[in-house]
Asker: 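Sharing a structure, written as C-alpha cells. Questions coming.
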Amino acid sequence: MEVIGDLPRELFLEILLRLPAESLMRCKYVCKYWHSLITNPKFIQLHLNYNYNNNVCVLLKRCLVTCLGQKENLLSLVCGNGFSFENLDVDLSLYRKEPCLQLLGHCDGIICLSNYRDYILLCNPATRESMVLPESCLPCYPWIRNLISQTTGLGFGYDAKSHCFKVVRIVSYWEELRGSNLPHFSRAEVYSMGTDSWKEINVTAPAHVRYSPCFETYFNGAFHWYAMDDNGNEVILSFNMGNEEFQVIPMPSFISMHDHSICRSLLVWNDCIALVIYPERGIEKSFEIFVMKEYGVKETWTNVLTIGPLTRVERPLVFRKNDEILMEGSHGQMMSYNLRNKEVKDLPIYGVPKSFSTLVYVNSLVSVKGGNQMLDQRDNTDFGW
C-alpha cells in the first residue's frame with residue numbers, strides 16, 4: 001500500500017477531511033501535491049459532505065457599539081454542544097460600517113450579504129474570499145414621472161441542476177401619488193455565478209414581499225419571503241433556484257392573520273419549514289410552532305408545539321438542533337431553549353437589541369468565484385490512487 005510519509009494515503013485523506021477550511025488553506029502551500037489534492041473539486045465536495053454530517057454550526061451576525069458610540073457588524077460562529085463561539089476575522093468593504101447590512105442566506109459555506117440598496121456580496125468566511133456582485137440589469141425607469149424603485153426581495157441558493165449558485169432580486173416600483181401600500185409593479189432578475197452576470201426573468205412574482213423579522217429562509221432548493229398577495233392575504237412567497245419560478249405557499253388558515261401585534265418567523269426544523277407565531281411586545285411571550293409536513297400543501301400545516309410563556313425573550317432565531325432553538329433576549333443577549341427539558345440558558349453572546357440574524361452554516365473550501373465547480377452530491381468518485 002502506498003503511503004504519505006508513514007501514513008497510508010487513505011488515512012492521510014481522512015485526516016485532511018477533518019481539518020477546518022482555515023487549516024487546509026495553509027496546508028495547500030506545503031507542497032505541490034498537497035495543493036493539487038486540496039484544490040481538487042472532488043476533495044472540496046468530500047470535505048463539504050463531511051462537515052454537513054459532522055460539523056454544522058450557527059453563523060451569527062450582530063451589531064456591537066464601539067467606544068465612540070458607532071455600530072459595527074460582527075460575524076461569529078456558535079459550535080459544539082458546549083456553545084463555544086468564535087468571532088470571524090473577515091475583511092469586507094462596507095462590512096463593519098454598514099449598520100443595515102443583512103445576512104441573506106447560506107449555501108455550502110458561502111453566505112450572501114446586502115444593504116438592500118447598492119451592495120450585494122458573496123463571501124466564504126472560512127477562506128476569507130469575497131466578491132461584490134455586478135450592477136443590476138434592471139432599469140430605473142427614469143422616464144416615468146414620480147416613480148421610485150426599491151429592492152424588496154433578495155435571496156441566495158444553489159441550483160442543483162446546473163450546479164450553480166444564484167442570487168434572486170425583486171425590484172418593486174412605486175408611484176408616489178398612488179396612495180397604495182402595494183407597488184405599482186415589480187420585476188425580477190437572477191445572478192448566476194456560472195456567468196457572473198444578471199438576467200431579467202420573464203415571470204411575475206404573484207405576491208409582494210414584506211418585511212418580517214427572521215422570516216427569509218432558504219429550504220428545499222427555494223428561497224422564501226413573507227409576502228402579501230393582490231387581495232391582501234398573507235402568504236409565503238418562494239423562488240425555486242432550479243426552474244427560476246415563483247410559488248405562493250398559503251399560511252395556516254387556523255391562525256389569526258392581519259394582526260399587527262403578532263410576529264411571524266419562518267425557520268427550518270426536522271427537515272420541514274416551521275412557522276413561529278408570537279406577540280411583538282410583552283414581558284412574557286409564548287411561541288406557537290406550526291410545521292408544514294408536506295412542502296407546499298396548505299392542509300398539512302400542523303400546530304405541533306407551544307414554547308413558554310417565557311420572560312426576557314424577544315424572538316426566535318434558528319433551530320440549532322432538532323431539540324434546541326436559539327433565541328434573542330430582550331436586552332440583546334443570545335439564549336437557548338431546550339425543547340425536551342424546557343430549560344432556558346443565557347449564552348455569553350451580546351449585541352445591540354434586534355440586530356441578531358442567524359444561519360445554519362458549514363465550514364467549506366467552496367469558491368465564491370466559481371473556480372471549483374460543485375459536483376453532484378451522489379458523486380463519490382475516488383482520486384484514482
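Everything quoted here is computed from the prediction, not taken from an experiment. These values consider heavy atoms only, across backbone and side chains, with no hydrogens, waters or symmetry-generated copies. Position 1 is the first residue of the sequence; numbering continues from there.
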Asker: Distance-only, no hydrogens or angles: does the Tyr337 side chain make a donor-acceptor pair with backbone N or O of Leu310 under 3.5 Å?
Answerer: no
Asker: Can any side-chain N or O of Ser212 pair as donor or acceptor with the backbone N or O of Arg264 at less than 3.5 Å?
Answerer: yes
Asker: Begin with the C-alpha distance, continue with both residues' side-chain angles, and end with the deciding distance and a verdict on side chain to side chain contact (heavy atoms under 4.5 Å, CB included) for Ile277 and Phe287.
Answerer: CA-CA 6 Å; Ile277 309 298; Phe287 301 83; over 6 Å; no
Asker: Salt bridge or not between Glu244 and Lys166? Use side-chain N to carboxylate O under 4.0 Å.
Answerer: yes
Asker: For side chain to side chain contact (heavy atoms under 4.5 Å, CB included), just list the numbers for Ile236 and Val248, CA-CA rounded to whole Å, side-chain angles, deciding distance to a tenth of an Å, and then say yes or no.
Answerer: CA-CA 6 Å; Ile236 299 170; Val248 167; over 6 Å; no
Asker: Does Glu234 pair with Arg210 as a salt bridge, N-O distance under 4.0 Å?
Answerer: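 Arg210 and Glu234: not salt-bridged.
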Asker: Please work out whether the ring planes of His224 and Tyr295 are parallel, tilted or perpendicular, with thresholds of 30° and 60°.
Answerer: perpendicular
Asker: Give a yes or no answer on whether the side chain of Asn231 reaches the backbone of Asn233 with a donor-acceptor pair at less than 3.5 Å.
Answerer: no
Asker: Does the side chain of Leu317 come within less than 4.5 Å of Cys214's, by heavy atoms?
Answerer: yes
Asker: In Å and rounded to the nearest 0.5 Å, what is the CD1 to OG distance from Ile283 to Ser330?
Answerer: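 Here the rounded value is 9.5 Å.
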Asker: Please examine the side chains of Leu48 and Asn363, heavy atoms only from C-beta on, and report whether any two atoms are closer than 4.5 Å.
Answerer: no
Asker: Start with the C-alpha gap between His47 and Arg18, add the side-chain angles, then the distance that decides, and say whether side chain to side chain contact (heavy atoms under 4.5 Å, CB included) holds.
Answerer: CA-CA 7 Å; His47 180 260; Arg18 284 160 172 76; over 6 Å; no
Asker: Any side-chain to backbone donor/acceptor pair from Asn270 onto Cys272? Under 3.5 Å, distance only.
Answerer: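 No, the answer is negative, given that no donor and acceptor are paired below the 3.5 Å cut-off.
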Asker: Is Arg312 paired with Glu328 through a side-chain N to carboxylate O contact shorter than 4.0 Å?
Answerer: no
Asker: Examine distances only and state if a side-chain atom of Ser265 and a backbone atom of Pro316 form a donor-acceptor pair shorter than 3.5 Å.
Answerer: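 A pair under 3.5 Å: no.
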Asker: Show, in sequence, the C-alpha distance, side-chain angles and deciding distance for Tyr211 and Thr152, and conclude whether the side chain to side chain donor-acceptor pair (under 3.5 Å) test is met.
Answerer: CA-CA 8 Å; Tyr211 172 75; Thr152 52; over 6 Å; no
Asker: Between Glu216 and Phe223, is the side chain to side chain contact (heavy atoms under 4.5 Å, CB included) condition met? List the steps.
Answerer: CA-CA 7 Å; Glu216 297 177 344; Phe223 201 86; 3.7 Å; yes
Asker: Side chains of Leu77 and Val58, heavy atoms from C-beta outward: is any pair under 4.5 Å?
Answerer: no
Asker: Is a side-chain donor-acceptor pair under 3.5 Å present for Glu288 with Asn303?
Answerer: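 There is such a pair between these side chains.
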Asker: State whether the side chain of Ser367 and the backbone N or O of Lys369 hold a donor-acceptor pair below 3.5 Å, judged by distance alone.
Answerer: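 Yes, the answer is positive, given that a donor and an acceptor are paired below the 3.5 Å cut-off.
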Asker: Is any side-chain heavy atom of Leu75 closer than 4.5 Å to a side-chain heavy atom of Leu60?
Answerer: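 A side-chain contact under 4.5 Å is absent here.
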Asker: Between Trp225 and Leu154, is there a donor-acceptor pair closer than 3.5 Å when you use the side chain of the first and the backbone of the second?
Answerer: yes
Asker: Would you confirm whether Glu129, through its side chain, and Asn124, through its main-chain N or O, come within 3.5 Å as a donor-acceptor pair?
Answerer: no
Asker: Could you check whether atom CG of Asn202 has more than 12 heavy atoms from other residues, nucleotides or ligands sitting under 6.0 Å from it?
Answerer: no
Asker: Which residue is it: Asn51, Ile111, Val318? I am looking for the one with a side-chain contact (heavy atoms from CB on, under 4.5 Å) to Tyr361.
Answerer: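 So the option named by the test is Ile111.
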Asker: Could you state whether Phe319 and Leu266 fall into the same hydrophobic cluster, counting links through intermediate Ile, Leu, Val, Met, Phe, Trp or Tyr residues with side-chain heavy atoms under 4.5 angstrom apart?
Answerer: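 Per the 4.5 Å side-chain linkage, Phe319 and Leu266 are not co-clustered.
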Asker: Quick one: closest heavy-atom pair of Cys164 and Gly194, and the distance?
Answerer: SG-N, 3.2 Å
Asker: With rounding to the nearest 0.5 Å, note down the distance linking CG in Leu74 to NZ in Lys71.
Answerer: 15.0 Å
Asker: Between Ser357 and Gln102, does any side-chain donor sit less than 3.5 Å from a side-chain acceptor?
Answerer: no
Asker: With heavy-atom distances below 4.5 Å as the criterion, would you say the side chains of Val362 and Asp108 are in contact?
Answerer: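 The answer is no, as the side chains (C-beta and beyond) never meet within the 4.5 Å cut-off.
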Asker: Would you call the rings of Phe215 and Tyr226 parallel, tilted or perpendicular, where under 30° means parallel and over 60° means perpendicular?
Answerer: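 Answer is perpendicular, since the angle exceeds 60°.
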Asker: Cut-off 3.5 Å, side chains only: do Thr306 and Ser286 have a donor facing an acceptor?
Answerer: no
Asker: How long is the span from the CG atom in Leu275 to the CD1 atom in Ile249, to the nearest 0.5 Å?
Answerer: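 Leu275 CG to Ile249 CD1: 11.0 Å, rounded to 0.5 Å.
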Asker: Side-chain donor-acceptor pair under 3.5 Å between Asn55 and Tyr50, yes or no?
Answerer: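 No.
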Asker: In this structure, are over 12 heavy atoms from other groups packed under 6.0 Å from Asp271 atom CG?
Answerer: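 Incorrect, the count does not exceed 12.
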Asker: Between the side chains of Arg281 and Ser261, does any donor sit under 3.5 Å from an acceptor?
Answerer: no
Asker: Same cluster for Tyr278 and Val304 if Ile/Leu/Val/Met/Phe/Trp/Tyr side chains link at under 4.5 Å?
Answerer: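 Yes; Val304 is reachable from Tyr278 via cluster members.
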Asker: Between His208 and Asp229, is there a side-chain donor-acceptor contact under 3.5 Å, judged purely by atom types and distance?
Answerer: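 No, no side-chain donor-acceptor pair sits under 3.5 Å.
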Asker: Using a 4.5 Å cut-off on heavy atoms from C-beta on, say whether the side chain of Lys61 contacts that of Leu59.
Answerer: no
Asker: What closest approach, in Å, do Ile289 and Ala274 show between heavy atoms, and which atom pair accounts for it?
Answerer: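 Nearest pair, atom of Ile289 first, then Ala274: CG2-CB, 4.1 Å.
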Asker: So, Phe43 versus Trp34, ring centres under 6.0 angstrom or not?
Answerer: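 No - the distance between ring centres of Phe43 and Trp34 does not fall below the 6.0 Å cut-off.
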Asker: In terms of hydrophobic clusters joined by side-chain contacts under 4.5 Å, are Ile307 and Ile262 together?
Answerer: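 The answer is no; the residues belong to distinct hydrophobic clusters.
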Asker: Might you point out which heavy atoms bring Tyr218 and Cys107 nearest each other, and give the distance in Å?
Answerer: CE2-SG, 4.1 Å
Asker: Got a donor-acceptor contact below 3.5 angstrom from the Lys285 side chain to the Glu280 backbone?
Answerer: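 Yes; at least one donor-acceptor contact below 3.5 Å.
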Asker: How long is the span from the CG atom in Leu326 to the CG atom in Leu347, to the nearest 0.5 Å?
Answerer: 6.5 Å
Asker: Calculate, to the nearest 0.5 Å, the distance between atoms CD and CD belonging to Glu294 and Glu299 respectively.
Answerer: 9.5 Å
Asker: Walk me through whether Trp301 and Phe290 qualify under ring-ring contact (aromatic ring centres under 6.0 Å, His included).
Answerer: CA-CA 6 Å; Trp301 280 115; Phe290 298 81; 7.2 Å; no
Asker: Taking the side chain as every heavy atom from C-beta outward, state whether Leu37 and Phe12 have any pair of such atoms under 4.5 Å apart.
Answerer: yes
Asker: Side chains of Met241 and Val168, heavy atoms from C-beta outward: is any pair under 4.5 Å?
Answerer: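 Contact flag for Met241/Val168 side chains = yes.
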Asker: Establish, yes or no, whether a centroid distance under 6.0 Å links the rings of Tyr191 and Trp198.
Answerer: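 Tyr191 vs Trp198: aromatic centres under 6.0 Å.
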Asker: Any side-chain to backbone donor/acceptor pair from Ser36 onto Lys32? Under 3.5 Å, distance only.
Answerer: no
Asker: I'd like to know if the side chain of Arg169 pairs up with that of Thr151 as donor and acceptor (distance under 3.5 Å, no hydrogens or angles considered).
Answerer: yes
Asker: Looking only at non-hydrogen atoms, find the nearest pair between Leu16 and Leu24 and report the distance.
Answerer: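 Looking at all heavy atoms of both residues, the shortest contact is O-CD2, 3.6 Å.
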Asker: Which atom pair, heavy atoms only, marks the closest approach of Ser364 to Ala126?
Answerer: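 Shortest heavy-atom contact: O-CB, 3.8 Å.
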Asker: Side chains of Gln45 and Asn49: do they bring a donor and an acceptor to under 3.5 Å?
Answerer: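 Yes, because at least one side-chain N or O of Gln45 sits under 3.5 Å from a partner of the opposite role on Asn49.
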Asker: Drop me the distance from Phe156's CZ to Leu104's CG, to the nearest 0.5 angstrom.
Answerer: 10.0 Å
Asker: Compare every heavy atom of Ala222 with every heavy atom of Ser238, then report the nearest pair and how far apart it is.
Answerer: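 Taking every non-hydrogen atom into account, CB-CB, 4.4 Å.
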